[in-house]
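Take a look at the structure below.
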Amino acid sequence: MPTLKSRTKSKEYRILSFLNARMDLPSTDKQHYENLEKGYNGELLFDQLTLMLQNDLYILNDLCLQTSGFFQIDTLIIAQHTIYPYEIKNHEGDYRYELGNFYPKLSKNEISNPLHQLNRSKLLLRPLLKSLGFHLPIEGDVAFVNPNFTLYQAPINEPIIHPTQLNGLMKKLNEIPSKLTTRHKRLADQLITMHQTDCPFTRLPHYSYDQLKKGPLCADCYSLISFVDVQKKILVCDKCGHSELVDSAVLRCVEELVLLFPDLKITTNRVYEWCGRVWSRKQISRILKQDYTLVGFGQWTYYE
Ligand SMILES: [Zn+2]
């Protein structure tokens, strides 16, 4: 069963991963970054399960849609007769449900209510599907995926999937009668076209070029690589041991630079500096020419 839209890290999450390695994030941003990381890992856990489904269903991961307002759907499953949006939560530890709200077990500070998020998605999804000519019922659940999550006083009538019910949910999805048609495919394609890559729920700290630590980041663990053997064609992370060809590492550094500073012109000098001055300008220039086009002349040349 095809996953029509795969999951990628959001721009906000990617930027925060880079900033976290290159500056001391203010504590609220650090917390936000850790929440994004945890949430993303939870979504990947859910993906591992949906990937095993054999039934005739379409899976669209991580949709950000705009109707009268923006809304995000972690996973949307299209079956022949029903649409299932899932709100995925990776909370860990003991929580309690009280008078319609969620709290850490021993705290009075409620957490944002995932049932409200799910309901909002359903509410905005309904007219959208209608406008695309679909009048299918919308079901869907909040899925708690962390095996160490417990919800005390959980309501039995709310659409909640507990970690111990995930396998049951997959079994149910595998067994619902579903035969997709070209109409369903068209719906899926339309939703993918409507996906907004710049989702507005972004919260980033202020940062500037000068303030950030320079040097290559590991492609795997995102830590700043402090030792580079410039004689070698391979860059090895001194924290996790991940290795990568230097050319690919430099091009990744450039992509990161463009993401963090979209207005900055990419010059050999700039990239040389951004990579922590470990590789020579000549080397950098050779690598840039593989993937970028040189624009301008003399001291004003830059890459696009
Ligand atoms: Zn690493």
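Start at 1 and go down the list; that is how both ligands and their atoms are numbered. Since the model is a prediction, treat every value here as computed from it, not as a measurement.
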Item to complete: Apply salt bridge (Lys or Arg N to Asp or Glu O under 4.0 Å) to Arg7 and Asp74, showing your working.
Response: CA-CA 9 Å; Arg7 192 178 305 284; Asp74 294 332; 5.2 Å; no
Worksheet entry | Distance filter under 2.8 Å, centred on the Zn ion (ligand 1) - protein N, O or S atoms that pass it |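 You should have found Cys218 SG, Cys221 SG, Cys237 SG, Cys240 SG.
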Worksheet item: Does Phe71 have Lys122 sitting over its ring (NZ/CZ under 6.0 Å from centre, angle to axis within 45°)?
Response: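 That pair does not qualify as a cation-pi contact.
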Discussion item. Could you tell me if Arg270 sits above the aromatic ring of Phe261, with its cationic atom closer than 6.0 Å to the ring centre and no more than 45 degrees from the axis?
Written reply: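 The answer is no, since Arg270 fails at least one limit relative to Phe261.
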Worksheet item: Are the side chains of Lys172 and Tyr84 in touch, meaning some heavy atoms are under 4.5 Å apart?
Response: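 Sidechains of Tyr84 and Lys172: in contact.
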Worksheet item: Once the angle between the rings of Tyr33 and Tyr13 is folded into 0 to 90°, is it parallel (under 30°), tilted (30 to 60°) or perpendicular (over 60°)?
Response: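 Rings of Tyr33 and Tyr13: tilted, 30 to 60°.
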Worksheet item: Per the side chain to side chain donor-acceptor pair (under 3.5 Å) rule, which among Thr181, Thr182, Asp189 passes with Lys185?
Response: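 Answer after filtering Thr181, Thr182, Asp189: Asp189.
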